[in-house]
Amino acid sequence: MTLPAWVTTIFVIVEYLMKIIAIGVVPENRRPSSSSAWLLLILFLPVVGFPLYWLIGSPWVRGRRQQIQQRSDEVIKQHTLGLPVVPEGAHTSPALERILYMNRDLTGCRA
């Protein structure tokens, strides 16, 4: 059983359109190595690569993840606001104190 010619033609056209769109959309605001990996997957296996990109690698997913992270950072900051970075009475070296302050700045969590 063979497919009609028009079905095959539509499939080829859709495949090429997906590849052209991917070349324009995927590299935006992304590291070159990541862009290359996504484009290779989409260009060589478009049926697998395109849905995976829209599920995992799309900017919408990344933006939503950042919004959720910002909200959780605010909640953590509110709950740890009164806690000292270095416990009172603790005998620490200046190097350890710098690490604790850096930990707080990077993660928002007290040690």
Side-chain angles (χ1 to χ4, degrees):
M1 184 169 118
T2 60
L3 292 174
W6 63 272
V7 173
T8 307
T9 304
I10 289 175
F11 180 76
V12 170
I13 290 171
V14 169
E15 181 181 352
Y16 277 103
L17 282 174
M18 286 181 359
K19 290 177 180 182
I20 291 169
I21 290 170
I23 290 172
V25 171
V26 170
E28 291 180 4
N29 298 325
R30 193 179 300 277
R31 289 177 300 182
S33 59
S34 177
S35 299
S36 298
W38 278 116
L39 285 174
L40 283 173
L41 182 63
I42 291 170
L43 294 176
F44 287 116
L45 298 170
V47 175
V48 174
F50 205 72
L52 270 179
Y53 173 75
W54 287 110
L55 288 173
I56 299 172
S58 73
W60 182 83
V61 172
R62 187 178 19 177
R64 174 136 170 77
R65 187 176 56 229
Q66 287 174 346
Q67 289 173 351
I68 293 170
Q69 182 66 48
Q70 286 174 348
R71 278 190 248 132
S72 65
D73 288 346
E74 290 172 12
V75 170
I76 290 171
K77 194 175 278 186
Q78 288 173 358
H79 284 81
T80 61
L81 193 59
L83 298 175
V85 175
V86 179
E88 293 179 22
H91 300 289
T92 59
S93 67
L96 180 58
E97 287 184 25
R98 287 193 302 270
I99 291 171
L100 291 173
Y101 278 100
M102 183 177 61
N103 178 52
R104 184 200 59 199
D105 291 340
L106 293 175
T107 64
C109 295
R110 305 288 195 239

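Predicted model only: the values in this text are computed from it and were never measured. Position 1 is the first residue of the sequence; numbering continues from there. Side-chain atoms are counted along with the backbone in the values below, which use heavy atoms only and exclude waters and symmetry mates.
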Nearest-0.5 Å distance, CE of residue Met18 to CD1 of residue Ile13: 13.5 Å
Ile23, Val47: one ILVMFWY side-chain cluster at the under-4.5 Å cut-off? no
Looking only at heavy atoms, what is the nearest atom pair of Pro27 and Ser35, with distance? CA-OG, 3.4 Å
What distance separates Ile42 CD1 from Ile21 CD1, expressed to the nearest 0.5 Å? 10.5 Å
Rounding to 0.5 Å, atoms CG (Leu96) and CG (Leu100) come to a distance of 4.5 Å
Which pairs pass ring pair (Phe, Tyr, Trp, His ring centres under 6.0 Å) with one or both residues in residues 26-51, sequence neighbours excluded? Trp38-Tyr53, Phe50-Trp54
Side-chain donor or acceptor of Ser72 paired with backbone N/O of Gln69 under 3.5 Å: yes
Interatomic distance, Glu74 atom CD to His79 atom NE2 [nearest 0.5 angstrom]: 12.5 Å
In the structure I gave you, are the side-chain heavy atoms of Pro4 and Val7 within less than 4.5 Å of one another anywhere? yes
Indicate, with yes or no, if Leu40 and Val48 share a hydrophobic cluster defined by side-chain heavy-atom contacts under 4.5 Å among Ile, Leu, Val, Met, Phe, Trp and Tyr. no
Spacing of CG belonging to Leu45 relative to CG belonging to Leu41, to within rounding of 0.5 Å: 6.0 Å
Side-chain heavy-atom pair Glu15, Lys19 within 4.5 angstrom cut-off: yes
If two hydrophobic side chains count as joined below 4.5 Å and joins carry through other members, does Val25 share a cluster with Leu55? yes
Can you get from Leu17 to Leu52 by hopping between Ile, Leu, Val, Met, Phe, Trp and Tyr side chains that sit under 4.5 Å apart? no
Nearest heavy-atom neighbours spanning Pro46 and Pro51: O-CD, 3.7 Å
To the nearest 0.5 Å, tell me how far Tyr16 OH sits from Phe11 CZ. 11.0 Å
